[in-house]
Amino acid sequence: MSEGALAKGYEFAEVESHWYRFWEESGFFHADQTSSKPPYSVVIPPPNVTGQLHIGHALNDTLQDILCRYKRLKGFEVLWVPGTDHAGIATQNVVERQLAADGLTRYDIGREAFLERVWEWRAKYGGIIINQLKRLGASCDWSRERFTMDEGLSQAVRQVFVSLYDSGLIYRGRRMINWCPRCMTALANIEVEGEELGGALYHIRYPLVSGKGALVVATTRPETMLGDTAVAVNPQDNRYKGLAGQMVLLPIVGRHIPVIADTYVEREFGTGALKVTPAHDFNDFDLHTRHDLDVIQVIDERGIMTERAGAYAGMDRFACRKQILKDLEKGGWLVKTEPHTHRVGHCYRCHNIVEPMLSLQWFVSVKPLAEKAIEAVKEGKTRIVPAKWANDYFNWMENLEDWCISRQIWWGHRIPAWYCRQCNEIVVAMQAPDRCPKCSSDSLEQESDVLDTWFSSGLWPFSTLGWPDKTAELEKFYPTSALVTAFDILFFWVARMMMMGLRFMEQVPFHEVYVHALVRDADGHKMSKSKGNVIDPLLMMDKYGTDALRFALTAFAVQGRDIKLSEERIEGYKHFVNKIWNAARLLLMNLEGFEGPAEVPEKPTGLAHRWILSRLQRVAADTADSLDNYYFNQYAQVLYQFLWHEYCDWYLEIVKPDFYGQDAEAGRAARSIAAFVMRSILVLLHPVMPFITEEIWQRMKPFTSGSIMQASFPESRGALIDPEAEEQMETVMAVIVAVRNIRGEMNVAPALKVDVVCLSDRDAHLELLERERRTISDLARVSNLTIARASETPKPGQAAGTVVANMEVFVILKDILDFESESVRLKKELGKLEKEFSMTSRKLSNDDFLQKAPDEVIEKEREKNARLSEKIEKLNRRLEIMKGLQKNKAT
RNA sequence: AGGCACGUAGCUCAGUGGGAGAGCGCUACCUUGACGCGGUAGAGGCCGACGGUUCGAAACCGUCCGUGCCUACCA
């Protein structure tokens, strides 16, 4: 990082790693719990410890980093807590796959050895995603990095479990749950993903035992018939009147099962007769409870047919389906097969089809917890942004079923419950008990199940701050300020944090929840490795730089709309990074030897200076407003526009001559203000583009000091807002654009300087143009600029002209003016104007409008109308002249 | 089935009742001492359709069409 002039190209790779290390070593990410500054805290949605940074993380963490860096610049004591999630099933799967490569299963090596392998794995690979977050520029307080299986967090988990158990909110019971035969564990309902599958509806004939006919049932899962213990019909169904209470013969099996009547059965669906398999279907299980039916389990935990399946025992559930169908057909029981698509539950971790299963599991009664969580959002204690997600939140919270929290895997927080082998007493406690409190036996065995991963992540906002101890961190930083997440874990995670936070901290875990978009590919599809449409953020950072990636994600982060991202769009923002770099190059070249200061004078003079300073104040205000309201796209857009199209395109172009010119005073003012504005822009941009802004900041010394991370966010200074300068600048720009426009349309070569005549009768305009003579001449490439009173000056004939701000602007085109093309150009312009004019005229002749519209709107419309009318008149006169000249030329 | 979004320039999309906008792409011209990852100018729109509210609608309301997503116990 040598001083002096900037290299021609921005070398982001070197810059990024250098400054990240510098920030970390300087302790800028560290939060001080004893600070007197107001707190701002965020906890990271902990990525899975098995994870690789994907584009969704990149967005999520970029937005959090923007908020954190912004608040630091605003003077807050900012804590961003990082960490990873042990991700029970996901991580266990990864290590099991590794074992499988050696031909082993976890059962071969046993629980302890297996857990050792997982910890080893974590030690080796767990840091990968952390380093990737650093690469992204995340300004987390790494001294507070947490892992959900850390000792402290595990302690919190145990305490929460014991407390909920003691208050009766955790219980153990035998209930229907969703089971993944691949992961070999129970799942919570939310962990099951419904997916439309094209299957078939099989119509199967169940003969009546009486011999008088048969009932035809319809099913998508014929293999479960082996466990049928009834057939149900709707009591209102005339087709089946009088059948309830009779017995039917279960095909193949030969068992006699009853026909029952229940209003649950839909008459319109299938045949209106439903086979009932209580052991393998949620609804059938309900029927069993109501009608006291037998439960016959024919599929086991591995998805294999049980002994109860008779001849089919030992077959895989899907192989069994095929075989059953063959056998049914052979026996003449299969009446009909029709195509049928329906939703089938899949495991969210391994995507295998889940199996409803009756099982002894641990549950949380969520109703009482959910009520408080609903109330907190209704009362505004936690605000969900955008608000539309609040509806989904309420809807979900109001329809919660008890949460199955036990998992039959090994990697996770082992449930702190012990069973007495003597008397079967259950002891739930923080520590392993020595003996059974009931029978004093010392033969106790700990529950082998572990807790759902989301149980521990639900505690994340306070467990990471040291709970259950009363720490200074909790005191200072809880409740946290904002939680940033995608909607897909709103229920998994946010809802659980709300419930747990309210229960154990008696306060909401965060004041605001910002729900951002999902990143999709350019065609709007979900990115997935199997589809091959993933955009790898790491690769993007390699190719275009971290700042470009972050800016692209931010610019697309519109509330309530998913992001369609393509590589070209990231590449596009690399151009913006390049633009900043080059603006800085220009500036730094001209700051050499300049002693400063880079400050705004008490009373800035010079139109361009006043204008850019005024615009800067508005941009600073817009920027802050955008970030305060999570309008990330607006934040990015405002700065993009300001830096490129105002600071570079106009301001720097205008002050360049001051840099090169002889007027020392003008040179000083230009350097001073140009540097001041650049410095402000850098700070405004720093939250989204931390690296290049720090790099330029450092190179701008002594006009900057320290690190940009120690700077203050520019306040919008009302005294510098200068509407007069803005208006005048607009007029000057309009004149320049008008000349350029004519040059372009009349095909005047850019290198060729032209003579321009500006005519007005307003003193203010004449004075303004006179003052800005040099700027107009430079930017419009004018050799002789004539500024004169319209009433006293003949209009040039050999010229193309237009009207801006009531001024007539002529570009002298002696001998080269083509009267015909000038006529065409004028007609085209007149066409547009006349259309506008007729619209405003119509409005102004509408009595309703004049009566009901607000005065200021009417006034605005009147002004516009007058302006248009005058312009049209002048252009029409011009057109007449051109026509005249055309004729002259022809004759 | 229900719910929620979204239909604006070729593409991707901003747009918070009174001027239809941006980026990319396209066309023309330009090695003007920061940048060709650039400059200047230009073309390109019945704002999905039809109604309604309003002095005034791309925006608000309704219906329809199209596209996504989420939820649900029709086996």
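For the numbers below, each heavy atom of this structure counts, side chains included, while hydrogens, waters and symmetry mates do not. Just so it is clear: chains get the letters A, B, ... in the order the sequence lines come, proteins before strands, and each one is counted from 1.
Between the P atom of B/C70 and the CD1 atom of A/I190 lies a distance of 13 Å, rounded to the nearest Å. Atom C1' of nucleotide B/C74 and atom CG of A/D237 are separated by 14 Å, given to the nearest angstrom. Distance A/D488 CG to B/G68 C1': 16 Å, rounded to the nearest Å. Rounded to an integer number of Å, the gap from CZ of A/R740 to C1' of B/U40 is 6 Å. Here B/A28 presents its P atom at 16 Å from CD of A/E745, a figure rounded to the nearest Å. In this structure, A/R781 atom CZ and B/A41 atom P are separated by 14 Å, rounded to whole Å. Spacing between atom CG of A/L400 and atom P of B/U71 amounts to 13 Å, rounded to whole angstrom units. Spacing between atom CG of A/L639 and atom P of B/A14 amounts to 19 Å, rounded to whole angstrom units.
Between A/K828 and A/E745, the closest side-chain pair of non-hydrogen atoms falls below 4.5 Å.
For A/K388 against B/A5, a side-chain-to-base donor-acceptor contact under 3.5 Å is absent. Between the side chain of A/K579 and the base of B/C35, at least one donor-acceptor pair of N or O atoms lies under 3.5 Å. Judged by distance alone, with hydrogens and angles left aside, A/E653 brings a side-chain donor or acceptor within reach of the base of B/A34, the pair sitting under 3.5 Å.
Contacts of A/R221 with the nucleic acid, taken as non-hydrogen atoms under 4.0 Å apart, are absent. Residue A/V857 is classed as a base contact, given a heavy-atom separation below 4.0 Å to a base. Nucleic acid contact class of A/K753 (heavy atoms, under 4.0 Å, all strands): none. Heavy atoms of A/N391 sit nowhere under 4.0 angstrom from any nucleic acid atom. Among the atoms of the strands shown, none is found under 4.0 Å from any heavy atom of A/H203.
Classification of A/K336 and A/E338 as a salt-bridged pair holds, one side-chain N sitting under 4.0 Å from a carboxylate O.
Neither OP1 nor OP2 of B/C74 sits under 4.0 Å from any side-chain N or O of A/H342. Not one side-chain nitrogen or oxygen of A/W389 sits closer than 4.0 Å to the OP1 or OP2 atom of B/G3. In terms of phosphate contacts, A/K275 brings no side-chain nitrogen or oxygen within less than 4.0 Å of OP1 or OP2 of B/C74.
Picking from B/A75, B/A34, B/U12 the nucleotide with the shortest atom distance to the side chain of A/Y264 gives B/A75. Of all nucleotides listed (B/G23, B/A14, B/A34), B/G23 comes nearest to the side chain of A/H645. For A/Y640, taking side-chain heavy atoms from C-beta onward, the closest of the listed nucleotides B/A34, B/C37, B/C24 is B/C24. Of the candidates B/A14, B/G19, B/C35, B/C35 carries the atom nearest the A/R585 side chain, counting heavy atoms from C-beta on. Of the candidate nucleotides B/A5, B/A75, B/G38, B/G38 has the atom lying nearest to any side-chain atom of A/H575.
Note: A/F492 and A/Y348 meet the aromatic proximity criterion, with ring centroids under 6.0 Å apart.
Across the interface with RNA chain B, nearest-nucleotide mapping of A/F576 and A/N283 shows A/F576 to be the residue nearer the 5′ end.
Exactly one residue among A/Y573, A/F691, A/F556 makes a ring-ring contact (aromatic ring centres under 6.0 Å, His included) with A/F551. That residue is A/Y573.
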5' to 3', nucleotides 55-61 of chain B under a 4.0 Å protein heavy-atom cut-off (B base, S sugar-phosphate only, - none) gives B------

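Listed for the A/R267 side chain is no donor-acceptor partner under 3.5 Å among the backbone atoms of A/A273.
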